[in-house]
Number of protein chains: 2
Amino acid sequence: MTRIKDVAALAGVSTATVSRVLNDKTVSPDLAAAVRRAVTELGYTPNRTARSLRRQHSELIALVLPDIENPFFTSLARGVEDVARTAGLSVVLCNTDEDVETQEHYLRIADDENMAGVIVAPAGPSGFLARLTERHRAVVVVDRAVADDVDQVLFDNEDLGRRATQALLDRGHRRIACVTGPRETPTAEARADGWRAALTAAGLPAPDDLLVHANYRVDGGEAAMTRLLAAAEPPDAVLATNNLVGVGALRMLSAERGPRAQLGIIGDLPFATSHIDDTFLLRLHPREMGLTAARLLVSRIRGEAGPAQRVVQPSRPVLLGASPS
Amino acid sequence: MTRIKDVAALAGVSTATVSRVLNDKTVSPDLAAAVRRAVTELGYTPNRTARSLRRQHSELIALVLPDIENPFFTSLARGVEDVARTAGLSVVLCNTDEDVETQEHYLRIADDENMAGVIVAPAGPSGFLARLTERHRAVVVVDRAVADDVDQVLFDNEDLGRRATQALLDRGHRRIACVTGPRETPTAEARADGWRAALTAAGLPAPDDLLVHANYRVDGGEAAMTRLLAAAEPPDAVLATNNLVGVGALRMLSAERGPRAQLGIIGDLPFATSHIDDTFLLRLHPREMGLTAARLLVSRIRGEAGPAQRVVQPSRPVLLGASPS
DNA sequence: ACTGTGGCAGAAATCGATTACAGCCGCAAG
DNA sequence: CTTGCGGCTGTAATCGATTTCTGCCACAGT
């Protein structure tokens, strides 16, 4: 492959000058022109490994996600990718499968590779996060809050739960169940808290048998929905607090010949196979969350950012489905 | 950060010896033990950038995909990720958006980063692919055939089209339409060829008005289905030749009050919101395709592979839905 | 005319690992 | 007793860029 010394030789200058031309340092116009000519003639592009070694950081960022098969996260990844590309960065995708050890593994690799930064949707607590920030690495946390002092881009999850529930109340439903994620999952708990708050504010009870903790996947939604519909006194509306659970719930409803229930979902369903006009969708915007996170990361990499900040990703109150009666 | 010289100093040996211990070269047991002790005491892990520079290849592989939001490709990515992880490699995700220039951009980066290898689902022809193979880089092509002499993991697309169509014939349908991808897209054409072949073999006509070239996305499926159902003589069955088009078609059918049609889909619908018991799914297995491709790439990286080979990814003939009458 | 300053280019150090090369030691064979 | 070989180890070269340091030159100020 052509190296910088080849370019230097062809242009009749030193490698230092070639490097300066390529990095926009001051070089006299005539030499610069000669270098550029040599660069295009040889089709030279700098070896990024060597550059990274010297600069002490690469042009890669790690995107550490718990589940790349969830459309929420792929859409987020898409947003990150778009910003990274225009900033000259490439994205290393790391799938943790919600496993903390895998997460630590990838964060350590990001460190060993001298990556420019890390965007992580954390699966549980991470000691490595603190180590990265201590060493002034650019880190941005998305979707799930952590205690560490790092940039974070989050939804106001309790508010989401409250607003989605309120939408169902507005339609006249009174017995509203909530299917949320596992206990100890802060996001799931906060959204359930919002559900409870909305019911309480409306002077309604929020009994425990209307709150189901499912796994946050399609089968969890199916199981939860089955259980709710089989109850002695089934709900007349159900809030699914994430997209996959919503998919499972919808799938159950579409088969069920028994009691019907109005459904509200926090999240989006880009691959719904049925018309979902009678479902409330409180759309999140994972792609925009990815854009926001990546922009934050880029400015931190460039050293333009101040103290760590928490950004609440706005979720425009787009409520699809039948309007309130 | 701790460097190899710190470990060497603590263990009282040279850096060469430390390197040898870490890379399983011959070192006397006592020194090796001392080195290992020092490594764990300092929590040392080698700087991968420096290693890559010296070794002339990194521990990264590029996965170049046309659309990371398509569940087919995320599932494929998942498979690649799994194999890569156990082989000590990390995956750089590159989204080309079906754009050839973006694809070239990423392939060049993979080269400049000295990545260990590349897995690519090509968006159109790529000159860079040839350059990579010339320079003995490990390259595996997935899902879409190219003329280059590289390893490829592909489906037998015409056979897929034929089998899916046959399944619909077996159910007694005679007027079977086909919604496929854009013209000039080899995969889409091949599957349509299979559809035509199956009809012809059954002694049926395959008229042009039953073949719709849509874009290979959800809205393409919706538009095509709308058009087919509005026809003077609508089909009694429709073959959707990819997953997203299938989603669009199903969505249309679920709303349509007009003529019904049996649907067959090549691909899988992991996020279907309706029960699709009355739909034929010819499931592909993108995750396994990813596994296969990544294993092939790993063996090529290790220099264990011979001449370039084409692997036909088996798609087990799992036809869901109502059995033939 | 002399000194100071700033712009620019080249030589060489540097990043942190791996590895070619050379040297040392001990043992076996002649 | 000498030679040769094999097994280990350390020294130093190496990967390919960036960046510090040094020196040259031209121009301005006194």
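So you know, we letter chains A, B, ... as the sequences are listed, proteins then strands, and number each from 1.
- Remark: P of D/dA17 and NE2 of A/His57 are 17 Å apart, rounded to the nearest angstrom.
- Contact check for A/Leu296 versus A/Gln309: side-chain heavy atoms found under the 4.5 Å cut-off.
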Indicate every side-chain donor-acceptor pair of residues 84-92 of chain A with a distance under 3.5 Å to a residue at least two apart or in another chain.
residue, atom, partner, partner atom, Å
A/Arg85, NH1, B/His105, NE2, 3.1
A/Thr86, OG1, A/Val83, O, 2.9

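- B/Ser75 OG to B/Glu288 CD: the interatomic distance, rounded to the nearest 0.5 Å, is 9.0 Å.
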For residues 63-70 of chain B, which side-chain N or O atoms pair as donor and acceptor with protein atoms under 3.5 Å away, sequence neighbours left out?
residue, atom, partner, partner atom, Å
B/Asp67, OD1, B/Glu69, N, 2.9
B/Asn70, OD1, B/Phe72, N, 2.9
B/Asn70, OD1, B/Asn243, ND2, 2.9

N/O donor-acceptor pairs under 3.5 Å from side chains in residues 24-33 of chain A, not counting sequence neighbours:
residue, atom, partner, partner atom, Å
A/Ser28, OG, A/Asp30, OD1, 2.7

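- Between B/Ser58 and B/Glu113, the side chains place no donor N or O within less than 3.5 Å of an acceptor N or O (distance only, hydrogens not considered).
- Within residues 1-18 of chain A, the residues approached by DNA chain D to less than 4.0 Å at the level of any non-hydrogen atom are A/Arg3, A/Ile4, A/Ala16, in residue-number order.
- When all heavy atoms are compared, the tightest approach of A/Gly181 to A/Ala188 is N-CB, 3.3 Å.
- A side-chain N or O of B/Arg137 and one of B/Asn114 form a donor-acceptor pair less than 3.5 Å apart.
- Nucleotides of DNA chain C that come within less than 4.0 Å of any heavy atom of chain A span, from the 5' end to the 3' end, C/dC8 to C/dG16.
- The closest side-chain heavy-atom distance from B/Thr49 to A/Arg54 is not below 4.5 Å.
- Counting heavy atoms from C-beta on, the side chains of B/Leu132 and B/Met115 never come closer than 4.5 Å.
- Nucleic acid contact class of A/Arg20 (heavy atoms, under 4.0 Å, all strands): base.
- Within a heavy-atom distance below 4.0 Å of DNA chain C, the residues of residues 21-29 of chain A found are A/Thr26, A/Val27, A/Ser28.
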